[in-house]
Amino acid sequence: MKEYDPKQIEKKWQKEWEQSGLYTTPNKIEGKENEYVLVEFAYPSGNLHVGHWYAFAVPDIYARYRRMLGKNVLYPMGFDAFGLPAENAAIKNNVNPSEWTFSNIDYMRKQLRSMGASFDWSREVITASPEYYRWTQYLFLKFFEKGLAYQSETPVNWCPGCKTVLANEQVIAGECERCGSKVLKRNMLQWNLRITDYADRLIDDLTSLDWPKHIKDSQINWIGRSEGAEIDFQLTTNNLTPLSSGGARQLTTIKVFTTRPDTIFGATFLAVAPEVAIKLFDNDFGIKSATERENKEKLGVDTGYKAINPANGEEIPIWVVNYVSADYGTGAIMCVPADDERDREFAEKYKLPVLEGYKKAGFEDYGEKVTKYKLRDWVVSRQRYWGCPIPIIHCKDCGAVPVPEKDLPVILPEVLDYLPGNDGKSPLSKVEEWVNTKCPKCGGNALRETDTLDTFVDSSWYFLRYCDPTNDKEFASKEMLQNWMPVNFYSGGAEHTTMHLLYSRFFHKVLFDINLVNESEPYRRRMNRGLIMGTDNQKMSKSRGNVVDPDDYVSRLGADTVRTYLAFIGPYNEVGSYPWNPDAAVGVRRFLERVWKLSEKISEEEEASESTIDPIIKKVSDDISSMKMNTAVSALMILVNSFSEKNSISRKDYETILLLLAPFAPHITEELWHALGHETSIHLATWPTFDESKIIKEIATYAVQVNSKVRATLDLALTADEDEVKAAALALPEVGKWLSGQSPSQIIVVKGRVVNIVI
RNA sequence: GCUGGAGUGGUGAAAUGGUAUACACGCAGCACUCAAAAUGCUGUGGCUGCAAAGCCGUGUGGGUUCAAGUCCCACCUCCAGCACCA
């Protein structure tokens, strides 16, 4: 038999599969159930790295397995093609972002094919193509129609590096998620999506989902719902003495938010955020709010104003402090230094009274029960070129007017100057012939919105488009959505827990409410995968120089080896991080070589060995279902090793091995399958079944313990009853030695496993 | 600080409360070879011992149990997310 040459056979079969349309997924197959296996689509960064393989090839194993179980499995791929990183990279390389993105996509598509994944390329979506973003704009206008997209002048996160606004979710520890620049607060007129309206449902509906607890917890934590009360504090009359700036406001009360209204008797002062102080008193008293982490020292100034504690009638001072956030609750709190660590620290520093041992109040005795959230509305305006144009026209007389549906898509104009400006305006604002337009309502002169949408808007609905990718009447027909949604299994990166995953759930709920989709939750089962580290066990990055190029390994070891190695490296259902170890990958190649060589031992006379193979079928099936690919591979290795020791293997057993291995190593198994005379693809074959009765062993090896320490082992028929097992164990010389004449007080028998003789 | 998760050989890691370290890498020795690579075989937690065997071992300290990596309590360390959120 010829040698195993992955280079040759992998190319051959990839071409063959493509030509025969093996992975083109029909919308319906008679007698088969549809199943939707989704991976987060690719960002067209330029080239594929080992992390992409890990993200796509391991779920591909799952998709292939489900297909062999008789499901009609949709496993699509696309490109998240709009966005800052592509634009930044294009600027750096002095290429137009469009050119950069689309040439990257062409290259990556080729690389992705070398992986031997079962993607249905006929359903590919590219968010930067007008056929796609037409519908992004359409959906944005639906939000607008429902009052869920609105403009507001608010302090926003401004990234001076990317020269654009960021959503809260994109600010990590005060820094830009993309470029690491320190994020500044800036007041700007921005488009927002009203995700806060959905805060409760985004928490409550998690209950029904088959998601790992840690993902649910993170989302709940991020939304940050807390129950509390709003309490009005009356100001004393001396507050009405005129302010220097021209008189007091009609100010009579300050509303505070607290989660502990029961502690109101202990409140000895009020604290307000500087921004709130400006609103109330026209003065921030020189205090700046401490939003940055490093500014931890608590600062404050007594405003001189006083309020009455409604519980005990005491007059208490009002302070402006840097540790109260203006954008949470009411921006004002009642301070109970006896009960709250921060208030105590502040009270001690400024010698404010601390009232220990005060009386407790009822929850709603002095205020009204309210629920507050940490979640903010989603700022979707981006002052950048490479994004989906916001389909709004600003008219002096009519205000913000939606572009009529028939005029969609609003095509992103080709420009020469796509560099972001320092003025906070999108490069599109310089394209006068594009900006100047007519108002669709009154026909007067009007201006187009020049901001583009956050990339996360594009990716909030891409999985719906896969269901009906070429529809030019709707973003997806209800029939096709019914056909595929909800996603049965969604695999992706942990970094999207409070971004993409939250945004797309919100998006889907809105579409559900306006009856455009059939379900309120898009993803039934979700799994966050781990990370592949460099050989130095550090996160892969260009600056560290530890980025692993999979192409090298594919040409040296073969795609099948790389795929199987990535499956073998550790459990996929845990968010671990695994170093890329080329030596260990060699071990997987050796395993595939053994499978190849084993075909020489096929004997038509040999009988199938269910007792050996059936437990492995069960093990591999169970492990793939729960994404424990590592132990599935290990079980296959054990199986192949045991057959390699023998002189011959039956044809049926060998075929079973190939079938079990097919999802992991699709090329070598296809080659060997055909070498056995099969004319159709192994990937159309049915997953092996097993006989439960063959899984139960006939002979059991008992661990024989004396006082819980293993002293011997004992092979007995599983049918042996407890007394027989006891007698056999007691007859062992090793046991006699430890008993040394004493009689046991207790003998415990665990059928098929353990005998414990307790003296 | 809060929320979640994890600590097992030289390494990646296995283990329904029931023989801890499967599988793989690495390492050592042997075979094949002029040699090397490749391949195959053997060994590989620590300590004592020529051996037979024995003792100790899953971050630390307690507990439950005939039996604990696994369950309970306390602590330590690491990872992820959140963080002056009242």
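Letters go in sequence order (proteins before strands), and every chain restarts at 1.
- When each of A/Lys374, A/Glu275, A/Arg376 is tested with A/Asp327 by the rule side chain to side chain contact (heavy atoms under 4.5 Å, CB included), just one qualifies, namely A/Arg376.
- Between the side chains of A/Trp222 and A/Glu169, at least one donor N or O lies within less than 3.5 Å of an accepting N or O.
- A distance of about 29 Å separates the C1' atoms of B/U8 and B/C41, rounded to the whole Å.
- A/Tyr490 carries A/Arg526 over the face of its six-membered ring, with the cationic atom under 6.0 Å from the centre and within 45° of the normal.
- Taking 4.0 angstrom as the limit, A/Ser745 places none of its side-chain polar atoms (N or O) nearer than this to OP1 or OP2 of B/C66.
- Here A/Phe346 and A/Trp319 bring their ring centres to under 6.0 angstrom of each other.
- Neither OP1 nor OP2 of B/C84 sits under 4.0 Å from any side-chain N or O of A/Arg344.
- Contacts of A/Ser325 with the nucleic acid, taken as non-hydrogen atoms under 4.0 Å apart, include base atoms.
- Distance A/Arg589 CZ to B/A37 C1': 14 Å, rounded to the nearest Å.
- The C1' atoms of B/U33 and B/A38 are separated by 11 Å, rounded to the nearest whole Å.
- Among the heavy atoms of the strands lying under 4.0 Å from A/Asn221 is at least one base atom, whether or not backbone atoms are also near.
- The CH2-C1' distance, from A/Trp596 to B/A38, rounds to 18 Å in whole Å.
- Computed from coordinates, the A/Asp343 CG to B/G1 P distance equals 19 Å when rounded to whole Å.
- A side-chain donor-acceptor contact under 3.5 Å links A/Asp200 and A/Tyr373.
- With the nearest nucleotide of RNA chain B identified for both A/Ser226 and A/Tyr565, A/Tyr565 has the one nearer the 5' end.
- In terms of phosphate contacts, A/Arg260 brings no side-chain nitrogen or oxygen within less than 4.0 Å of OP1 or OP2 of B/A86.
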Once pairs are restricted to Watson-Crick or G-U wobble with both distances under 3.5 Å, how does RNA chain B read as a dot-bracket string, [ ] for crossings and | for other-strand pairs? (((((((..(((.....[....)))((((((.......))))))((((....))))..(((((..]....))))))))))))....

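- Taking the six-membered ring where the residue is Trp, A/Tyr328 and A/Phe257 present perpendicular rings, their angle passing 60° and hence far from 30°.
- Atom P of nucleotide B/C25 and atom CH2 of A/Trp580 are separated by 15 Å, given to the nearest angstrom.
- Going from the C1' atom of B/G17 to that of B/C66 covers 12 Å, rounded to whole Å.
- Counting non-hydrogen atoms under 4.0 angstrom, A/Arg711 reaches the backbone sugars and phosphates but no base.
- A close approach under 4.0 Å does not occur between any side-chain nitrogen or oxygen of A/Lys349 and OP1 or OP2 of B/C84.
- Ring planes of A/Trp580 and A/Tyr565: perpendicular class, angle over 60° (limits at 30 and 60°).
- The residue A/Lys709 sits close only to the backbone: its heavy atoms come under 4.0 Å of sugar-phosphate atoms, none of a base.
- Among the atoms of the strands shown, none is found under 4.0 Å from any heavy atom of A/Gly329.
- The side chain of A/Val324 approaches B/A86 more closely than any other nucleotide in the set B/C82, B/A86, B/G4.
- Out of B/G4, B/C25, B/G54, the shortest distance to the side chain of A/Lys737 is found at B/G54.
- Across the P atoms, B/A83 and B/C71 are found 31 Å apart, a figure rounded to whole Å.
- B/A86 atom P lies 13 Å from atom CG of A/Asp327, rounded to whole Å.
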Test side chain to side chain contact (heavy atoms under 4.5 Å, CB included) applied to A/Gln170 and A/Phe456, step by step: CA-CA 10 Å; A/Gln170 290 158 335; A/Phe456 280 105; 3.0 Å; yes

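- Among the nucleotides B/G12, B/C55, B/C84, the one closest to the side chain of A/Ile569 is B/G12.
- Across the protein-nucleic acid pair, A/Lys601 atom NZ and B/G40 atom P stand 11 Å apart, rounded to whole Å.
- Each of B/G12, B/C82, B/C25 was ranked by its minimum atom distance to the side chain of A/Tyr578; first place goes to B/G12.
- A/Tyr328 has a side-chain polar atom (N or O) that falls below the 4.0 Å cut-off from OP1 or OP2 of B/A86.
- A cation-pi arrangement is present between A/Arg556 and A/Tyr553 under the rule of less than 6.0 angstrom and at most 45 degrees off the ring axis.
- Annotation: side chain of A/Arg505 is in contact with side chain of A/Gln219 (closest heavy-atom distance under 4.5 Å).
- With both ends at atom P, the span from B/A51 to B/G46 equals 14 Å, rounded to whole Å.
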Can you give one letter per nucleotide of nucleotides 14-23 of chain B, 5' to 3': B if a protein heavy atom sits under 4.0 Å from the base, S if only from the sugar-phosphate, - if neither? S-B-BB--BB

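- With rounding to whole Å, A/Leu639 atom CG is found 12 Å from B/A24 atom P.
- Rounded to whole Å, the P atom of B/C72 lies 34 Å from the corresponding atom of B/G54.
- A cation-pi arrangement is found for A/Lys298 relative to A/Tyr323, the charged atom lying closer than 6.0 Å to the ring centre and inside a 45° cone about the ring normal.
- Glycosidic conformation of B/G9: syn, with the torsion inside 90° of 0.
- Between the CZ atom of A/Arg590 and the C1' atom of B/U39 there is a distance of 9 Å, rounded to whole Å.
- Between the side chains of A/Asp339 and A/Tyr358, at least one donor N or O sits under 3.5 Å from an acceptor N or O.
- B/A67 and B/C23 have their P atoms separated by 30 Å, with the value rounded to a whole Å.
- Nucleotides B/U39 and B/A22 have their C1' atoms positioned 24 Å apart, rounded to a whole Å.
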